[in-house]
S.K.: 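I am attaching a structure below and will ask some questions about it afterwards.
Only a predicted model underlies this, so the values are computations on that prediction, with no experimental measurement involved. Just so it is clear, the values below take in all heavy atoms, side chains as well, and ignore hydrogens, waters and symmetry mates.
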Amino acid sequence: LLAKHPPERAVTTHPAVVAACIRACVRRGVLPQNITVADSPGGAWTPGGMRAVYEQSGVAAVCKEAGAALYLGCKAACAKRRASACARSS
């Protein structure tokens, strides 16, 4: 998830690769609703920023079609922002 580009630019994991991984998991008995797709944003991102990259790259459409979830947690970035906000408000 380096940048918001279509799959043809080869900047992000290609959605066909994601779809093949999801299909492989399903063939092995994993229910689609138990699959969460996550990719490293390569830096500090927000959930909205990650969603935009997933959408542009085609990964969001693959997950929606398969019934799998997208990980948008950004735990490290969100925790850092919360700590920064707490420091400013003290």
S.K.: For Ala60, enumerate each residue passing the side-chain contact (heavy atoms from CB on, under 4.5 Å) test, keeping only those at least two apart in sequence or located in another chain.
M.R.: Tyr54, Glu55, Leu70
S.K.: What heavy-atom pair brings Ala66 and Pro32 nearest, and what distance separates the two atoms?
M.R.: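 Here Ala66 and Pro32 meet closest at O-CB, 3.1 Å.
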S.K.: What distance separates Cys63 SG from Ile35 CD1, expressed to the nearest 0.5 Å?
M.R.: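 It comes to 9.0 Å.
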S.K.: State, yes or no, whether a side-chain contact exists between Thr12 and Val53 at a heavy-atom distance under 4.5 Å.
M.R.: yes
S.K.: Quick one: CZ on Arg51 to CG on Leu72, what's the gap to the nearest 0.5 Å?
M.R.: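 So the gap between those two atoms works out to 4.5 Å.
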S.K.: Search all heavy atoms of Val18 against all heavy atoms of Val59 and return the closest pair with its distance.
M.R.: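 For Val18 versus Val59, the nearest heavy atoms are CG2-CG2, 4.0 Å.
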S.K.: If hydrophobic clusters are built by linking Ile, Leu, Val, Met, Phe, Trp and Tyr wherever their side-chain heavy atoms come under 4.5 Å apart, do Val17 and Val26 end up in the same one?
M.R.: no
